[in-house]
Amino acid sequence: MIITTIQIPKITEQEIVHLNPFFLEEDIQKIQQSITKINKKRSRTKLKKHLISLFDPHLFQHNIYLKNEFEIINFLGEKLVQLGFIEKGGIDDIIEREKMSSTSFNNNVAVPHSMQMNALKSAISIVLNDNPVNWGNNSVQIIALIALNKDERNIFRDIYDSFIKILSEPENVYLLLKSKNYDVFINSLLSLMEE
């Protein structure tokens with residue numbers, strides 16, 4: 001941030017705060033507003049970086065319709081194995097967790113995951129279905145399969161609470177379902193997280 005009492009041209013990406021030659025109360029507010037703006041920008045940049053690290057474009061898919069939730073988990077798990085996010089046994093861990101208790105919300109979302117943090121690299125595989133699929137006793141259109149590496153749990157923690165909160169609101173789910181590609185999905189998710 002550049003604080004100045006003279007007019008200077010905007011030649012950098014730096015935040016410029018023009019103050020009166022005699023320091024006034026409104027100058028304090030200008031500085032505080034600029035600091036808030038800078039902090040929001042940093043927070044957005046960090047959040048977007050974390051989102052991009054967890055939501056790989058190769059793990060973003062539309063319209064996966066299989067016989068049941070276990071076949072879907074297996075299908076998504078195989079892709080995670082192929083891309084080096086989990087080992088083959090990780091799929092069994094996710095299925096075992098799903099058998100214990102369905103990971104579907106009653107509002108159109110399933111979040112299958114393992115009880116272990118044994119992924120090689122943390123990732124969230126996303127499926128957006130135009131039509132609902134049966135998942136436990138519910139029907140879902142968004143499936144967010146989570147693979148978590150214990151060494152990356154701090155990054156994941158920054159995202160997870162906000163992500164789950166977003167998925168618990170039907171209007172957010174509806175908005176995310178409109179995403180026709182990875183970039184639109186990430187930008188929609190980022191906007192929702194900033195609200």
Side-chain angles (χ1 to χ4, degrees), residues 37 39-80 83 85-86 91 94-95 97-115 119 121-148 152-153 155-195:
K37 186 176 175 182
N39 285 337
K40 279 186 177 179
K41 187 175 180 180
R42 282 183 183 162
S43 181
R44 179 179 170 78
T45 301
K46 180 182 174 187
L47 186 60
K48 188 164 188 173
K49 180 180 163 195
H50 288 338
L51 281 176
I52 290 169
S53 76
L54 289 173
F55 292 89
D56 186 287
H58 298 100
L59 298 174
F60 179 84
Q61 300 172 79
H62 272 100
N63 297 323
I64 305 297
Y65 300 106
L66 299 171
K67 193 165 76 174
N68 58 42
E69 64 267 37
F70 303 110
E71 284 191 9
I72 294 173
I73 290 171
N74 206 35
F75 175 83
L76 298 176
E78 287 294 336
K79 190 139 190 154
L80 286 165
L83 295 171
F85 288 100
I86 65 172
I91 300 171
I94 297 166
I95 289 173
R97 164 61 187 90
E98 193 66 38
K99 286 179 179 176
M100 290 167 60
S101 171
S102 177
T103 58
S104 65
F105 294 53
N106 61 4
N107 70 336
N108 226 7
V109 178
V111 187
H113 58 280
S114 170
M115 296 292 283
K121 184 177 182 308
S122 295
I124 301 176
S125 178
I126 292 290
V127 175
L128 304 180
N129 284 337
D130 292 336
N131 299 305
V133 295
N134 290 331
W135 198 282
N137 294 326
N138 296 310
S139 294
V140 302
Q141 284 181 270
I142 294 181
I143 302 159
L145 189 147
I146 296 172
L148 183 59
E152 297 170 329
R153 64 180 162 241
I155 293 172
F156 186 76
R157 194 177 302 125
D158 288 344
I159 299 297
Y160 183 76
D161 289 341
S162 296
F163 182 57
I164 294 302
K165 187 176 178 184
I166 287 166
L167 293 180
S168 66
E169 297 293 332
E171 60 272 12
N172 295 341
V173 170
Y174 178 74
L175 177 70
L176 291 172
L177 282 169
K178 290 181 180 180
S179 304
K180 296 303 176 198
N181 62 49
Y182 170 82
D183 290 327
V184 172
F185 175 80
I186 289 295
N187 288 328
S188 296
L189 190 55
L190 189 59
S191 295
L192 290 168
M193 286 183 165
E194 290 175 336
E195 289 179 0

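All residue numbers refer to positions in the sequence shown, counting from 1. Side chains are part of it too, since the values below use all heavy atoms of this structure and drop only hydrogens, waters and symmetry mates.
In the displayed structure, N39 atom CG is contacted under 6.0 Å by more than 12 heavy atoms of other residues, nucleotides or ligands. Within 6.0 Å of atom OH in Y174, 12 or fewer heavy atoms from other residues, nucleotides or ligands are found, so the atom counts as exposed in its surroundings.
Smallest separation of non-hydrogen atoms from S125 and L76: OG-CD2, 3.7 Å. Contact record, F55 with Y182: O-OH, 2.5 Å, taken as the closest heavy-atom pair. Of all the heavy atoms in S168 and K165, the pair that sits closest is OG-O, 2.6 Å. When all heavy atoms are compared, the tightest approach of A110 to V140 is N-CG1, 3.9 Å. When all heavy atoms of I86 and A147 are compared, the closest pair comes out as CG2-CB, 3.6 Å.
Taking F85 as the reference, nothing meets the ring-ring contact (aromatic ring centres under 6.0 Å, His included) condition, with sequence neighbours excluded. With sequence neighbours excluded, the residues that form a ring-ring contact (aromatic ring centres under 6.0 Å, His included) with H62 are F60.
Residues V109 and W135 have side chains not in contact (no heavy-atom distance under 4.5 Å, counting atoms from C-beta outward). Proximity of N108 to L177: side-chain heavy atoms (C-beta onward) are separated by under 4.5 Å at one or more points.
The CG atom of N138 sits 6.0 Å away from the OG atom of S102 when rounded to the nearest 0.5 Å. Atom CG of residue L176 and atom CD of residue E169 lie 12.0 Å apart, to the nearest 0.5 angstrom. The CD atom of E71 sits 9.5 Å away from atom CD1 of I95, with the distance rounded to the nearest 0.5 Å. Interatomic distance, I91 CD1 to K79 NZ, rounded to the nearest 0.5 Å: 13.0 Å. Summarising the geometry, atom OG belonging to S122 is positioned 12.5 Å from atom CG belonging to D56; distances are rounded to the nearest 0.5 Å. Here the straight-line distance linking atom CD1 of I164 with atom CD1 of I146 works out to 5.5 Å at 0.5 Å rounding.
Looking only at distances, no side-chain donor or acceptor of N63 sits under 3.5 Å from a matching main-chain atom of N129. Between the side chain of Q141 and the backbone N or O of D130, at least one donor-acceptor pair lies under 3.5 Å. Between the side chain of N74 and the backbone N or O of F70 there is no donor-acceptor pair closer than 3.5 Å. When atom types are taken as modelled, the side chain of E98 and the backbone of I94 share no donor-acceptor pair closer than 3.5 angstrom. Using modelled atom types, no side-chain atom of S179 and backbone atom of N181 make a donor-acceptor pair closer than 3.5 Å.
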Item to check | ring pair (Phe, Tyr, Trp, His ring centres under 6.0 Å) between Y65 and F75, intermediate numbers included | outcome: CA-CA 10 Å; Y65 300 106; F75 175 83; over 10 Å; no
Next on the checklist: Applying side-chain contact (heavy atoms from CB on, under 4.5 Å) to L148 and H113, what does each step give before you reach the verdict?
Outcome noted: CA-CA 8 Å; L148 183 59; H113 58 280; over 6 Å; no
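Of the residues listed (I124, I126, L80, V127), the one engaging L59 in a side chain to side chain contact (heavy atoms under 4.5 Å, CB included) is L80, and it is the only one. Just one residue in the list V173, I142, I64, I143 forms a side chain to side chain contact (heavy atoms under 4.5 Å, CB included) with L128, and that residue is I142.
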